[in-house]
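Encoded as structure tokens, the structure appears first; notes follow it.
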There are 2 protein chains.
Amino acid sequence: MNKKMISEEEMQIWHMWKSSYKRIFGRVVKDMFEKTGLSEGDFGILDRLDLFGKGKLRQQELADSMDWTKSRLSHHLTRMEKRGLVLREPIKTERGVQVITTSAGKSALEDARPVVSMAIREYFLDLLTEQDIESITTLAERTKAKSSSACNTPPS
Amino acid sequence: MNKKMISEEEMQIWHMWKSSYKRIFGRVVKDMFEKTGLSEGDFGILDRLDLFGKGKLRQQELADSMDWTKSRLSHHLTRMEKRGLVLREPIKTERGVQVITTSAGKSALEDARPVVSMAIREYFLDLLTEQDIESITTLAERTKAKSSSACNTPPS
DNA sequence: ATCTTTTGGTTGACACGTCAACCAAAATTT
DNA sequence: AAATTTTGGTTGACGTGTCAACCAAAAGAT
């Protein structure tokens, strides 16, 4: 319960962290977009359709795997459908919609994979020391932990 | 010039890094928005108007200090003006526009400062080890450096 | 003095996200 | 069986960002 405002230096850490992220992430995304026409969302969707579903997946499944709301995914798919990357098809046997990668979608994904890979290496991995990697890994644990421990009201 | 695709583990580092950022940043921004009604952009603008300009600044100056395009700032100010947080006023002596914090803007800023401070501490600083801080600091240097050294074509 | 470029700013179109409202088909309750 | 809740998905409004086109005032060039 530390009520003191954070210091100038602490604020600097925050700013450095934010701007590093934005620079690196921006470079990767921009590279991918310029070279393949895919956004991060597009890539994530096509990637999961390929890996988890061999080209098709139920919409809700897809949303869960990306940690997206159904609304967000619905909007995004509408745009991707318009561009011919995926199509939606009602499921006969049960409720729900199948999302299917088109051939254009498949080839866009195949084009993008190496580009993304190279960009992540160049703009991110190449900048990291062993220590950085350790930091990233452990911080990720700690952030995940934080989600489940917002215990103002302890479990009954 | 490493042409090999990155490994599964390397991709994991990337994903961990992204999701840590998104979680932490999301928490801070959400907290601020829920408690004060200000977005990150709003806060940045009001903060700079206060620190650099004692309540007023030329639009382009402001844009530069935030590393925003003039277009982005123009759009954002239009929205903030509608909400009564700032106002724009042509400069008589020279070309350009003064951005001025309204009293509503000032008080929103004063309300937000401690909230932001606390959120950054709780969701970010409290999670960091000394090592993490060192990593963040040095990585920031390295990312900044990378910007100026995209030398496929060396300077003439 | 006129022509050109730079500077400061706006605007419209569109991608991306969130939120809340809505809808219909299951699945459960009662 | 009828009423209720949950689930899967869409939609519209609006905040946020980018890009390109536009505009006018200022500064420089010829």
Side-chain angles (χ1 to χ4, degrees), chain A residues 18 21-23 25-27 29-34 36-46 56-100 108, chain B residues 18 21-23 25-27 29-34 36-46 56-100 108:
Chain A
K18 269 202 303 182
Y21 179 86
K22 285 179 182 178
R23 271 204 200 90
F25 186 70
R27 283 172 196 155
V29 162
K30 192 174 167 233
D31 230 44
M32 166 163 64
F33 184 74
E34 283 173 354
T36 72
L38 294 185
S39 69
E40 201 214 354
D42 299 335
F43 184 80
I45 287 173
L46 294 174
K56 45 174 70 182
L57 257 189
R58 260 185 102 179
Q59 197 163 317
Q60 190 58 48
E61 232 103 68
L62 184 51
D64 289 343
S65 81
M66 315 233 322
D67 210 16
W68 279 17
T69 62
K70 52 192 182 158
S71 167
R72 181 175 179 184
L73 182 60
S74 182
H75 282 304
H76 204 104
L77 288 178
T78 302
R79 293 187 299 260
M80 286 180 78
E81 218 172 357
K82 236 177 272 177
R83 294 157 57 209
L85 295 170
V86 297
L87 46 87
R88 282 188 271 206
E89 202 167 85
I91 303 177
K92 283 130 215 157
T93 61
E94 52 180 346
R95 198 162 41 137
V97 172
Q98 283 275 332
V99 186
I100 306 174
Chain B
K18 270 201 304 181
Y21 179 86
K22 286 180 181 177
R23 269 203 202 93
F25 186 70
R27 282 171 197 157
V29 163
K30 191 173 170 233
D31 230 43
M32 165 164 62
F33 184 75
E34 282 172 355
T36 74
L38 295 184
S39 69
E40 200 214 355
D42 299 336
F43 183 81
I45 287 173
L46 294 173
K56 43 173 70 180
L57 258 190
R58 261 186 101 181
Q59 198 164 317
Q60 189 57 48
E61 233 101 69
L62 183 52
D64 289 342
S65 81
M66 316 233 323
D67 210 18
W68 279 17
T69 63
K70 51 192 181 155
S71 168
R72 181 175 178 184
L73 182 59
S74 182
H75 282 305
H76 204 104
L77 288 177
T78 302
R79 292 185 301 259
M80 286 179 78
E81 218 172 0
K82 233 176 277 177
R83 292 157 58 209
L85 295 170
V86 297
L87 45 88
R88 281 188 272 205
E89 200 167 84
I91 302 176
K92 285 127 213 157
T93 62
E94 52 179 347
R95 199 160 40 134
V97 173
Q98 283 275 333
V99 185
I100 307 174

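Reminder, nothing fancy here: chain letters follow the sequence lines and each chain counts from 1.
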Taking side chain to side chain contact (heavy atoms under 4.5 Å, CB included) as the criterion, tell me which of I100(B), L46(B), L62(B) meets it with V86(B).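 Exactly one pass, corresponding to L46(B).
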If every non-hydrogen atom of K18(A) is compared with every non-hydrogen atom of E40(B), which pair is closest and at what distance?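 Closest heavy-atom pair between K18(A) and E40(B): NZ-OE2, 2.7 Å.
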Nearest-0.5 Å distance, [atom1] of residue [X] to [atom2] of residue [Y]:
X      : Y      : atom1 : atom2 : value
E61(A) : L73(A) : CD    : CG    : 11.5 Å
S65(B) : Q60(B) : OG    : CD    : 10.0 Å
I45(A) : L85(A) : CD1   : CG    : 9.5 Å

Interatomic distance, [X] [atom1] vs [N] [atom2] [rounded to whole Å]:
X      : N       : atom1 : atom2 : result
K70(B) : dT18(D) : NZ    : C1'   : 14 Å
F25(A) : dG17(D) : CZ    : P     : 14 Å
D42(B) : dC14(D) : CG    : C1'   : 14 Å
L38(B) : dG15(D) : CG    : C1'   : 14 Å
K22(A) : dT16(D) : NZ    : P     : 13 Å

Go through the structure and list residues passing ring pair (Phe, Tyr, Trp, His ring centres under 6.0 Å) with H76(B), not counting sequence neighbours.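 H76(B): ring pair (Phe, Tyr, Trp, His ring centres under 6.0 Å) contacts with W68(B).
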Sorted by number, the residues of residues 75-90 of chain A with heavy-atom contact under 4.0 Å to DNA chain D: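 Under 4.0 Å from DNA chain D: H75(A), R88(A).
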Taking only residues two or more places apart in sequence or in another chain, which ones pass salt bridge (Lys or Arg N to Asp or Glu O under 4.0 Å) with E94(A)?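 E94(A) satisfies salt bridge (Lys or Arg N to Asp or Glu O under 4.0 Å) with R58(A) once adjacent residues are dropped.
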If the condition is salt bridge (Lys or Arg N to Asp or Glu O under 4.0 Å), which residues does E89(B) pass it with, not counting sequence neighbours?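 If we apply the salt bridge (Lys or Arg N to Asp or Glu O under 4.0 Å) test to E89(B), skipping adjacent residues, there are no hits.
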Return the 5'-most residue of the pair G96(A), S71(B) with respect to DNA chain D, ranking by each residue's nearest nucleotide.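 Result of the comparison: G96(A).
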Which residue, E94(A) or I91(B), contacts DNA chain C at a nucleotide closer to its 5' end, judged by nearest heavy atom?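 Counting from the 5' end, the first nearest nucleotide belongs to I91(B).
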Can you run down the salt bridge (Lys or Arg N to Asp or Glu O under 4.0 Å) pairs that involve residues 68-86 of chain A, sequence neighbours left out, and say none if there aren't any?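 Every salt bridge (Lys or Arg N to Asp or Glu O under 4.0 Å) pair that includes a residue of residues 68-86 of chain A, provided the two are not neighbours, is D42(A)-R83(A), E81(A)-R88(A).
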Of all nucleotides in DNA chain C with an atom under 4.0 Å from a non-hydrogen atom of chain B, which is the first and which the last going 5' to 3'?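 That gives a stretch of dT7(C) to dA13(C).
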If only side-chain N and O atoms of T69(B) are considered, is one of them under 4.0 Å from the OP1 or OP2 phosphate oxygen of dG17(D)?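 The answer is no; no side-chain N or O of T69(B) sits under 4.0 Å from OP1 or OP2.
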